[in-house]
Every structure is written in C-alpha cells, then in structure tokens.
Amino acid sequence: MSAIKLNVEGLNVRFVNGQKETHAVRDVSFTLGREKLAIVGESGSGKSTVGRSLLKLHPPSARISAKAMAFGEIDLLSASEKAMQKIRGQRISMIMQDPKYSLNPVVKVGDQIAEAYLAHHKASRSDARERVMQMLEQVHIRDPKRVYNLYPHEVSGGMGQRIMIAMMVITRPEVIIADEPTSALDVSVRQQVLSVLEELVEQQQMGLIFVSHDLNLVRNYCDRVLVMYAGRVVESLAACDLQYAEHPYTRGLLAALPSMDNRRVHLPVLKRDPLWLTH
Amino acid sequence: MNANLSSIDSTAKRQVERTPGSSFDALCRSGVRILRHLLRNPMTLAGLLVALLLIVVATFAPWIATHDPVAQNLANALQAPGAAHWFGTDEYGRDIFSRLVYGSRITLYIIALVTVIVGPIGLFVGTVSGYFGGAVDTVFMRLTDIFISFPSLVLALAFIAALGPGLEHAVVAIALTSWPPIARLARAETLSLRNADFVVAVELQGATPARIILRHIVPMCLSSVIIRLTMNMAGIILTAAALGFLGLGAQAPLPEWGAMISTGRRYMLECWWLVAVPGAAIMLVSLAFNLLGDGLRDILDPRSE
Amino acid sequence: MPMIQAHALNLSFGTGLALNQVLHDVSLSVADGESFGLVGESGSGKTTVLRCLAGQYRHWHGELSIAGVPLQHKIPKEHFRKVQMVFQDPYGSLHPRHTIDTALREPLIIHGVGDKDDRIDEILRKVGLNDSFRFRYPHQLSGGQRQRVAIARALILQPRVLLLDEPTSALDVSVQAEILNLLTDLRQQEKLTYLMVTHDLGVVTHLCDRVAVMQQGRIVELMDSQGLSQDLATHDYTRMLVQASRDFSQESERRQIG
C-alpha cells in the first residue's frame, strides 16, 4: 500500500427527521491507498451511507461530523459545494448498483460518456469521441462504434454496467466508490464486470471502495475488508484472512452462507449480541 | 425463532413495544397518523377548516341566518353592508348574508351528489378496464375519450339544453362531464398494480376478478381517487356557479351563489357587495378544496409512506 | 406417481414477428416430498415454468400435471389449494394496506375454510412469528418477517406443493439462513414438495435434492445436487455456473475442513 488517498477518522452520520434522530454511521475510521477496500455489512448497516457521505451525496436531513475526512490535501468536510463538484466525477467517481437508473434514457450512451469527459476536460467533441472509443475498448466492449450509438434500453445489464464504469473512469479519478456494482447482474456477467473494474484500478493506480453485502465475492476480489454492523466498523482485516475473522458477527455471517461443498441440514443462525452495538 | 425481532431494521423495532390488538385498532392508528400529518401542515388545515365550516353552515343554516333568504322587502333594497344586514341587501331587499348561508346548502348538495355519482362510476370503469384489458379496455376507454373530448361546460350546457334547466339537471350534467378523468386515473393505477406480486398472489389463491378488484385493487386506487375528487370539488363549485350564472342551474328564488352574482351584476357598479360577497364565497370554498386536495396528496400518497 | 410433472411444455408471448418463445419443450418430474431446484440466469425461463404451474400463465402448450391431475387451461379453484407460491420480493408480495391478519384471512375466505382465527394463529406460530404480528401492516415488518408472512400465506391452505421463486435473494445472509432453515423444517413437518427457482448454487444445493439447469428456455442439464458439488456437471453452461460460484467460495472449503 502506498500513498494514502483517503483518510477518514471518526465519521458520524445522523439523519434528523423531525424530533427523530437516526445515528446511521458511528465513529467509522479507515484509510484508503492504492488498493481495493471492501465495506461489507447487511442492509441498514450504514455501508452505503459511508460511501455517499465521502462525496457529500447525502440528503439534506443528514448531519455529518468527523475528526478528519481528507482526500489527499483536501479536507472534504469543509469543502464547499463548488469544490465538491470539481471532485465528484473527476477525482472521486461513484458507480451505482443498477445502470438502468444511472443512465439518461434519451441520450446515446456514447454521448453520455463524452459528456462526462467534457465536463471536466477542455477538449473538442471529436477528441472526446476518440477518448470514448478508447475507453469502451478498455472496458472490453467489442464493437465500440456500434455501442456508442445505442440508447440505454438497448444494452444488457452487464454491458450497461461496463458503460457506467467507462463513464466513471474516463476522467481518470483517483478513487472509485462502487456501491453494489454487480448485485443486479447474473453470475457470468458479474465476473466480466469485476475483472474490467480490477484491470482499470490497477492500470490507473486508483483506490477502490467496494460496498457490498456479498462476503464470498469480497473475500476473493478485494484486498482489505471492513465489516460494518449497525453503523459501526466491527472488524477490519485483510481479505485473505477473512476465514480467521474474530468478531462473532463476521464469523456468524460466514457460517450462515449456504455452501455447495458443505451441506448442512440447518444453517447456523446468527445470534445478535446487544454488546456489538457498543463494542 | 424470534431472532428476527432483534433485527436492525428500525421500523420493525420501533413497533415492537406497542402492538395493535385487532384490525380495528390497527385502522385507528393509521387514522391518528393521518390526522397528525394534517395538523402539521397549516395550508391543508386551513382548507379542511373552510370545508368543515361549509358543512356546519349548511347543516345549521336556519339558526345561523339572520333573515329569511327569500323574504322580499323592497323598502330595504340595495342596502350597503351594516349592522342590520351584515353583507347588505339585494335588489329585492333580501338579506345577502342569509342568502349566502342558505346557498351553502345548494353548493354542498351539488358537491356531495356529484362526488357520490362520479367516484364509483370512475372507479368502476377505470379498474375494470385496467384489470381486464383487451376488448373491455378498448370499449370503456373509447367511451371515456368521447366524454373527455368535449369541454365540460359545453357538454353540461348541451345536457341542460336537452333536459331543461334545474338544480338536479345541473348535477347530472356536471357528473357526466367529470367522471372520465377519474376513470383514467383509476385505470392507470390499476395497470401498474395489475402485475404486482400481491395481486398475482391473490389470483393464485383462486380469488375471482370481482374480489381482486374490490378488495385488492380499489383500496390502492382509492387514495389517489379521493385526492382527485377533492381537487375536482373546486371545479364542480365553479361549474355549478357558472351554470347558475347562466341561469341554467338552480332557479330563482333559490339562493345559489352563481345565480346571485348573475342577478347582482346589473347593480355591480353602485352596489359592489351584490357580486363581491358571493364571488368571495365561491373563491374561498374552491380554494379550500384545492388546498385540501393538495394536502391529502401528501398524506395519502403511498409513495410518501 | 410424481407430484409435479411437465412434459414438452412450450410457452410464447406475442404474435407474428414479435413472437417470443420463452419455454422450449421443458420436461421435468418431481416426486412427492422431493425438493427440486431450477437454476439459470435472468431470462432463462425458470420463473416462467413456476408461473405456469401456479396457474398464472394459461396459454402454454404441452402437458402439466399436479399429483396426477392434469392441469387444464381453465383452472379449477381446487388447484390453488394444492399449489401455492412464494415470491421473490417480500416488499411487493404483501398488500401494503392490509394487515397480516387480513392477508392470511383472505385465502381462507376465498376457499370457505372455517376456524379462521385458530388457523391464522397456528400458521403464524409455525413460521416463527407470534401473535403480536397479527394486526400489523407489512411496512412495520422487516424483510425476513415479511417473507415469513408470505410463506404463512402460502401454507395456510395446506398445499402439497410449494413453488419458491428466489425466496431469499432479496434478504441478508443471516436472514436468508433463518428462512432456509424454516423451509427445511416446514418441508419435513408438512410433507411438502418444493420446486425452487434460484440463481444461487449454494442455496439450491443446500435446499434441493435435484437440480435442473435452464438456459434460454431449455433445460440443459439435470442432475442431483450431490453431483453438482462433486463437479460432475457436463454441460458447459453448468460448469461455468459452478466455476463462478466456486471462484468466490473456494476458501470456504478450506475453512470448514480446517
């Protein structure tokens, strides 16, 4: 791990709704270098909220506080909305779960990627087009010329997600936040997308934050894993050491996975300990 | 087995302590929730209060009115607003305040009758054509298209021309022109519900189409139809007033608000209250129903839950 | 006599140029009390088979029978007492404005079954929910609890066959384990026959005795789940699926041995 790209210390996110306050993220700290960092947890654990609050893409009802939230030299916490707009997309990109909802349905996909490029670079239309073609090739789309002119509803889920990746990577960001990028995809397509993402992350020396609920996938794909439970990081360890996880929550999740090779009549059920909420 | 209870899901957790004991109890709770929403939004509350005021005034008209609404007193004609006649008198010396109070009965009568006719017809046509689709849908929707292609006031005029002027005929005419939007709305809702898992689930339990529509689809359409009907009430009031103004609705000496404006306009320049008072009443009530409809949309829309 | 039998099942949507055949000569047979899995990617037609059997799609060609009774295109009410379905999305399969009690009462009313209150109490207990859930609305329950209600609703008519359409794919791992355990127990207690659709080989080998792999509307391979985990699959597509799920779970083998 080399230069630290992101440093988050004591991140807290609260959602305020009338008099109700939900403490969604509690005291989360981590650093991200040139690596693939996974944030795993169940729904409601706050894993997506962490990703979003890095880009300040949270709803207005959220209150964010942290001891430090630094992206290189920039303090994200105090950065103005204008400064954030420069960072978003250009230096930190985000890939969402379903490309269907992230692409504009009435604009050709190629033009959308070009738009993303032009938003952050001074270049002519034809240069941008050239770049898009290159990028589409890089995400292993076989016939970039044809795909450039397709509309989002004409591409399959896997190709859509690769197009999203192309769009997010074309600005050469330093950090990519991927929020469940493959959970809407079929198994065979999923691997394609993951390997494309991996290739780009290595080529361009990016840092990847991979938000997922899938322990099996994360175990083989990422370098480091943060396990979140109820807004708190309960365990942080190298992905290859996941089977030696110590926290009962992580162990419970691993044991609860049905497996092809180990058939059990009953799966062990996770017993939640209220202590996990405080320790 | 109850390990689930401790799940992180906060909504589930919040409800654990207070569990409703019966269907009625559960229903009451959602009622309370709606009321709380209502009280938090001042515009909606204002709309609701004016609508309630209309109902109260209409119900207790004889006790609220200071004079007989049809009693003429030519000596007192065209009096300006004052202590004896709060809103003045008209050209026959009738007390405008009392006419206004009694006129609310007519307004409410038209609103209620039209709504009662239009709601079920619209719901029936919309849900049936949305649920069955195919030929049923085509027939029902072309019929709706025919009605919707005429401007409502023109269609109402045509009906009254055929049936003759009168309050009941005005109600029928307004109802005939205002069900198509409701039917379209219900159809659109039904189409989106048609393939929802919970509708398929009851189908796969062997429920008859009538049961599916009545018990499962109509309750889901109901909130948007109620919102639409409430918004429509404003339009109904205006159409009724317009028909009254044209002399095609309620007949003299009935104190219908539109008719009051119509007869008052001859003296409008000297006696502004003849037109301004019923005009303000029409505006206030239709605005109130608009606000109420807007607020109901925020409260009843399932997407906001 | 097999519980579920399908022979040369064909189904298409649309007509003329827009004709789209989604099932091609699907044949399968599931014994009484067996648990059978259908595996495939989205669009492979696996859910469509389920919906034909449940009685939702009625314009299929071929032969279908449940417990030896051939399925007609006009489906008698009796059919729905034998076959029930559990849907994938626990958020969409319960009527948002009906309490749990209403949802469970509905099938009893449709089929004119008596002692409604006792039956509702009993079925709720069977799926691991207590009385306090009876008069709540679906939005007041968690995903796992809703799926339990959906299972209760399917079982309240005491069917012989339960069709499971990816019943756990929308749930978290820990909740998935609870639901899978519940399904295992219920099958034993109620002597049910399962036909489950899924894309997760881990889940299908856990719950099912035999597995059919579908691709583009055809069954391309049929084997028992033992064989699947022992790499006995011969079809390329099946091998790819096994490979894909192995890739991500190779470590688990080591962990469980160690």
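Here is how names work: the chains are called A, B, and so on, in the same order as the sequence lines, proteins then strands, and each is numbered from 1. No experiment lies behind these values; they were computed from the predicted model shown.
More than 12 heavy-atom neighbours from other residues, nucleotides or ligands sit within 6.0 angstrom of CD on A:Q203. Heavy-atom contacts from other residues, nucleotides or ligands closer than 6.0 Å to CZ of A:R26 number more than 12.
Annotation: maximal heavy-atom pairing with chain A below 4.5 Å, among C:L171, C:V173, C:D172, occurs at C:D172.
In terms of modelled atom types and a separation under 3.5 Å, the side chain of A:T22 and the main chain of A:A24 share no donor-acceptor contact. Panel note: side chain C:S12, backbone C:N20; no donor-acceptor pair is recorded below 3.5 Å.
Looking at C:L180, only its side chain comes within 4.5 Å of chain A, counting heavy atoms on both sides. Residue C:S42 touches chain A through both its backbone and its side chain, counting heavy-atom pairs closer than 4.5 Å. Of the two parts of C:Q230, neither the backbone nor the side chain holds a non-hydrogen atom closer than 4.5 Å to a non-hydrogen atom of chain A.
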